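Right, one structure below, let's go through it.
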Protein chains: 2
Amino acid sequence: MSLPLHERIRRDIETAILSGELQPGARLPVEHELMHQYACARMTVSKALSALASVGLIDRRKRAGSFVARPKVHSMVLDIPDLEQEIQQRGQMYGYRLVRRQVRLPDHNAADETALAGKGKLLLLKGVHIADDVPLAVEARLVSLSAVPEIEALTLEGTSPGAWLLKHVPWTEAETRIAAVAADQDTANHLLVEAGAPCLFVERRTWRGDEGITLVRQHFIGSGYDLIARFGSSRRDTDS
Amino acid sequence: MSLPLHERIRRDIETAILSGELQPGARLPVEHELMHQYACARMTVSKALSALASVGLIDRRKRAGSFVARPKVHSMVLDIPDLEQEIQQRGQMYGYRLVRRQVRLPDHNAADETALAGKGKLLLLKGVHIADDVPLAVEARLVSLSAVPEIEALTLEGTSPGAWLLKHVPWTEAETRIAAVAADQDTANHLLVEAGAPCLFVERRTWRGDEGITLVRQHFIGSGYDLIARFGSSRRDTDS
DNA sequence: CAGTGGTCTAGACCACTGA
DNA sequence: CAGTGGTCTAGACCACTGA
């Protein structure tokens, strides 16, 4: 029992909520009562309850008390896997084949591109992610050269530019859009499937503060890839 | 400036990190130094730094100090929209058409179903989500009747069972799998598309504690639906 | 207006770990 | 072994808000 006391209090209450012993809407003991129960200072109780409130398990209202929150959860945590790592974990060989590289100005008809470029140029990198010689995804990536000038000098032949960026350029914000689309002819050729085959389309933008870093559009072969999102204590992923 | 002091300290440091003034790996002032800077007690500083550490912006190491973390973020927050609400926000009329309802025992060859059912039966609800008379998604849902016995007596004709469950049955854990698949003939018929058309496939399981509540498989029409995941301060979604 | 949570103080002892 | 963060105490004043 080297568990800190505030952590023990937090878990006790969390357990009572998750087990259903404390129903949504139920009122928790007030802080002074918990102080006596655990024979501790109010700050310690407060720390435990604040932690529960910050993850949305309870609602705290002045004058009224603390209450078990109704799970209003419409948001889950989506794992964005590092492709290279994931493929290697499956026991396959990862490869990235660069098919096109170009430095150019943003297309002024594409708001995406002008916003990303800022006042500089863009580096376009198009390539294919490969697992054991089988193409898994094709990606077209734009990198802002004003945000990441050092990438222009690199030869990114065999390595995924996404992995390089992740290591070398910290980002603070990202947005990912996920959809299902039919492969166009070019995508189909790269993925060795028929045109029209279903692909998981992932479009991600990343920023550092207000400055755009990169915009990537990936088409994953439908039969070979899926994404997982979770909510909760996520003890469930231990059995896979 | 009615901002609590610990919050002000937190934001000051957060701003310095996000603006790049404090680079990843940089060492933060030690707690005692911040105490003097802000003329406050150590607990107040500690609260600010703990908050930053809990969101992963800094790493704290005993004897060494606190450091700006390298963003190692491979996880984002995925919004699981309430279909009805989202469709209405687009200015369209939401509808749900139930096409099949059946109470049955779990298929003993499907581990999914036996795990969900526990010792009870399952309610199968198959239906179509409709936006302005246009089908948007077809879903097949299994509900554990031992977890949610009250659902058996309901006539869920025009309302989405997902929305009903969300309101009436609190859950604590969920897992969502997302993939792109080709519509089979039955799905295609319901969605009024050609067989083979790309669909976003969403499979979600929810639990309350250890008890399974529901398992739903949804096929969204590829052209009409996508999912968004975000990481960061997410001020970006204000302009949409 | 009284009870509740929010914040804050000025200490204390401790565990950890890098110099 | 000395500096750092982790935890905890026993108070205090305050803002808020429902009875």
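Note that the structure is predicted; figures quoted are calculated from it, not measured. In what follows, chains are A, B, ... by sequence order, proteins preceding strands, each numbered from 1.
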Requested in this report: Kindly indicate whether the side chain of R63(B) and the base of dA19(C) share any N or O donor-acceptor pair separated by less than 3.5 Å?
Outcome: no
Report task. State whether the side chain of T214(B) and the backbone N or O of L142(B) hold a donor-acceptor pair below 3.5 Å, judged by distance alone. Result -> yes
Requested in this report: With the side chain of K62(B) defined as its heavy atoms from C-beta on, choose the nearest nucleotide among dC16(C), dG6(C), dT7(D).
Outcome: dC16(C)
Requested in this report: Return the value, rounded to whole Å, for the distance between atom CZ of R10(B) and atom C1' of dT7(C).
Outcome: 16 Å
**Report entry** L5(A) CG - dC14(C) P separation (whole Å)
**Finding:** 17 Å
Query raised in the report: Taking side chain as C-beta onward, heavy atoms only, is W164(B) less than 4.5 Å from L154(B)?
Result: yes
Query - E7(A) or R61(A), whichever maps to the more 5' nucleotide of DNA chain D - result: E7(A)
Report task. Note down the inter-axis angle between the two ends of the helix from dC1(C)-dG18(D) to dG18(C)-dC1(D), five pairs each, to the nearest 10°. Result -> 10°
Query raised in the report: Salt bridge check: are E211(B) and R208(B) linked by an N-O gap of less than 4.0 Å?
Result: no
Query - Distance-only polar pair, side chains of Y94(A) and D132(A), donor-acceptor under 3.5 Å - result: no
Query raised in the report: Hey, does L49(B) reach any base, or is it just sugar-phosphate, or nothing, if we go heavy atoms under 4.0 Å?
Result: nothing
Requested in this report: Give a yes or no on whether a salt bridge exists between R60(A) and E31(A), defined as a side-chain N under 4.0 angstrom from a carboxylate O.
Outcome: yes
Query - Spacing of F67(A) atom CZ relative to dG18(D) atom C1', expressed in whole Å - result: 10 Å
Query raised in the report: So, do C40(B) and L5(B) sit near enough that their side-chain heavy atoms are less than 4.5 Å apart?
Result: yes
Query raised in the report: Using a cut-off of less than 4.0 Å, is there contact between a side-chain N or O of T44(B) and OP1 or OP2 of dT9(C)?
Result: yes
Query raised in the report: L3(B) CG to dT7(C) P: how many Å, rounded?
Result: 10 Å
Query - Whole-Å distance separating the CD1 atom of I58(B) from the C1' atom of dG6(D) - result: 13 Å
Query raised in the report: S46(A) side chain N/O closer than 4.0 Å to the phosphate oxygens (OP1, OP2) of dG6(C)?
Result: no
Report task. Answer yes or no: does a side-chain N or O of R42(B) lie under 4.0 Å from OP1 or OP2 of dT7(D)? Result -> no
Requested in this report: Verify the contact: side-chain N or O of K47(A) to OP1 or OP2 of dC8(D), cut-off strictly under 4.0 Å; return yes or no.
Outcome: no
Query - Whole-Å gap separating P (dT17(C)) and CG (D59(B)) - result: 14 Å
Requested in this report: Rounded to the nearest angstrom, tell me the gap between atom CE in M43(B) and atom C1' in dG5(D).
Outcome: 13 Å
Requested in this report: Indicate, with a heavy-atom threshold strictly under 4.0 Å, whether S66(A) touches base, sugar-phosphate, or nothing.
Outcome: sugar-phosphate
Query raised in the report: Would you say S50(B)'s side chain and S46(B)'s backbone share a donor-acceptor pair under 3.5 angstrom?
Result: yes
**Report entry** Under 3.5 Å donor-acceptor, S146(B) side chain and K121(B) backbone
**Finding:** no
Query raised in the report: Parallel under 30°, tilted from 30 to 60°, perpendicular over 60°: which one fits the rings of F220(B) and Y225(B)?
Result: parallel
Query raised in the report: Taking the six-membered ring of F201(A), is NZ or CZ of R177(A) closer than 6.0 Å to its centre and within 45° of its axis?
Result: no
Query raised in the report: Going by heavy atoms closer than 4.0 Å, what residues in residues 28-39 of chain B are next to DNA chain C?
Result: A39(B)
Report summary line: To the nearest angstrom, the CD1-P distance between I9(A) and dT7(D) comes to 12 Å
